[in-house]
Q: 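Structure in structure tokens, see below.
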Amino acid sequence: MTRRLAFVPLALALLAWPAAQASQAPGADAPRKAWWKEVVVYQIYPRSFQDSDGDGIGDLRGIISRLDYVQSLGVDVVWLNPIYESPNDDNGYDISDYRAIMRQMGTMADFDAMLAGMHQRGIKLVMDLVVNHSSDEHAWFKQSRASRDNPYRDYYHWWPAERGVPAKRWSFFDEEANAWRYDATTNAYYLHYFSRKQPDLNWENPKLRREVYELMKFWFDKGVDGFRMDVIPFISKDTSFPPLPASYGGNYVAYYARGPHLHEYLQEMNREVLSRYDVMTVGEGAGVAIEDALDFVDEDRKELQTFFHFEVADWGRRKGDFMYPDPDNRRLPDLKDVFTRWDRVFEKKGWGTVYLGNHDQSRMLSRYGNDTPPYRVASAKMLLTLLLTMRATPYVYYGDELGMANIRFREISDYRDLQTINYYTRLKREGGDVAGFLAAQAEVSRDNGRTPMQWTAATNAGFSTATPWIRVNPDHESVNVEAEERAPDSVLSYFRRLLRLRKSEPTLVYGAYQLLDRDNPEVFAYTRSLDGRSLLVALSFSASGGRTAIPAGQAPGKVLINNLATSPVQAAQLELAPYQAVVLELDRK
Ligand code: GLC
């Protein structure tokens with residue numbers, strides 16, 4: 001099935017125009033409608049979702065066997081982390097063939113069956129596009145490193161050693177944190193912002209850009225419905241590689257995100273590929289500051305539709321080193337400010353996303369909620385309520401619909417993530433505080449968010465018949481799909497109800513967002529309003545509950561959803577129990 005946009009004769013298009021415009025506007029000031037604004041996305045980390053062939057690694061046939069479950073959640077879109085051929089230095093984010101399926105994941109026939117199975121169930125598929133870098137085992141890089149005059153030389157960034165040592169560039173995953181790697185074959189250094197096995201592609205080269213556009217078309221022509229674009233703001237670089245200006249003050253991520261030709265390339269990609277298909281796009285907005293946001297997603301600029309910003313993810317982390325938590329950076333009003341700022345920026349143009357977890361973060365419940373037994377269920381439901389009541393496209397990470405929590409590894413040998421392992425190796429070599437680092441990683445490591453999906457209470461949680469590639473969280477004995485399917489009060493049952501609410505209330509999708517009670521340290525409260533209808537969302541972020549006033553001139557109306565059995569409504573205020581979440585109608589007095 002081809003997904004190219006049908007050619008519409010100009011006269012017909014003009015005739016249809018006024019009607020199309022009229023049906024666009026849900027309210028005078030509300031954003032324009034689009035299907036990708038109304039969807040709820042479910043992210044699957046394929047390595048960890050379901051193993052079908054007993055090798056301890058999740059695969060495509062495994063996903064196929066769970067599609068009825070995914071459909072039962074009510075989600076519209078699945079985003080799948082990379083499943084392309086890869087030596088798996090960074091679990092698929094190091095791609096050695098963009099047009100082939102990773103052997104451990106299955107075959108292209110499996111992929112086709114998976115995609116057809118999703119489409120039959122009304123689910124769209126978003127794939128990961130990783131084109132800031134490839135694997136060093138990609139044919140392009142093998143050629144590129146072979147000789148200085150190889151036709152593929154300029155597919156990557158090389159610095160000839162006779163020019164001296166290149167100016168320092170920081171690497172996320174390198175054991176020496178050095179993004180330049182010397183390669184003796186041609187007496188030159190190549191650039192790798194991530195691991196040594198992830199050389200950066202050279203977007204200055206039009207041939208490389210053409211290759212990327214062609215591979216995007218390859219997947220779109222198969223029927224894929226969109227791309228999540230890995231570290232996309234990093235693709236453009238100042239290729240004279242000057243010493244970093246002091247003004248960046250160590251903020252490499254922001255420096256990497258501001259390449260001189262970035263928007264030119266994104267506009268070209270839009271023109272050449274995206275504009276020809278009815279698909280969704282979400283960039284990983286690493287390093288993107290709020291002032292730059294609209295440059296990416298203002299519809300008139302024709303670049304991307306949305307991106308993920310990092311300010312919610314950075315909350316609770318040490319500034320300047322996200323590998324450590326920071327208990328002093330966990331004030332609720334600050335978190336509210338982040339949501340409020342980012343809502344405002346897209347008030348008239350562009351559109352936002354909201355996520356509280358993904359494969360690069362520890363578990364949402366353990367980070368923003370409270371995973372101790374008395375509060376775990378309520379706080380997991382409360383966080384899901386936040387996710388599904390913001391004006392932005394929500395991304396739900398697999399297992400968060402069950403209330404999966406951090407596994408908190410103690411030993412370095414339990415970790416699988418190169419980010420943790422390589423940082424540890426460097427720290428140890430430098431005589432740093434490795435015990436302190438391990439304590440930090442138990443809270444914030446990416447592996448916390450990568451443990452296998454918990455299907456049942458059985459050994460390996462029903463994920464695999466073999467020993468899984470990463471340990472299963474022991475709490476799967478009580479936190480699992482099978483148990484939660486049976487329990488009407490479970491996180492899973494609540495999630496399904498909540499999702500139905502979001503889908504039935506345009507106010508929750510398009511309605512204006514207004515923060516209330518900003519300084520309240522326990523309660524996050526806001527209204528969503530559209531066409532005269534107003535909803536109040538109140539979320540307790542505290543083990544002591546909290547209270548907040550009903551906005552003046554309004555009276556509490558029907559409660560649309562409540563994560564606890566008790567009603568919080570007390571005359572003109574809400575008295576919330578610990579981690580209570582409620583969405584209710586507001587009536588004018
Ligand atoms: C992105 C991905 C992350 C990966 C990195 C390098 O941040 O989300 O998982 O390690 O890019 O590709």
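Order of listing sets the numbers, starting from 1, for every ligand and every atom in it.
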Q: Are any of the side-chain heavy atoms of V224 and F111 separated by less than 4.5 Å?
A: yes
Q: Mind checking side-chain contact (heavy atoms from CB on, under 4.5 Å) for P468 and listing every partner two or more places apart, or none if nothing turns up?
A: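 Only P452, N460, F463, V472 meet the side-chain contact (heavy atoms from CB on, under 4.5 Å) criterion with P468.
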Q: Regarding R317 and D326, does a basic nitrogen lie under 4.0 Å from an acidic carboxylate oxygen?
A: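 Looking at R317 and D326, the cut-off is not met.
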Q: Give the residues near ligand 1 by chain and number, with the criterion being a heavy-atom distance under 4.0 Å.
A: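 Within the 4.0 Å shell of ligand 1, which is judged on heavy atoms, sit D90, Y93, H133, F173, F194, Q198, R228, D230, V231, E284, H359, D360, R446, R450.
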Q: For the CD atom on E411, are there more than 12 heavy atoms of other groups (residues, nucleotides or ligands in this structure) within a distance under 6.0 Å?
A: no
Q: Test of understanding: with side-chain contact (heavy atoms from CB on, under 4.5 Å), list the residues that count as partners of L388, not counting sequence neighbours.
A: V40, P394, V396, F495, L498, L499, R502
Q: Could you note down all residue pairs passing salt bridge (charged side-chain N to carboxylate O under 4.0 Å, His left out) where residues 75-85 supplies at least one of them, sequence neighbours left out?
A: D76-K503, E85-R103
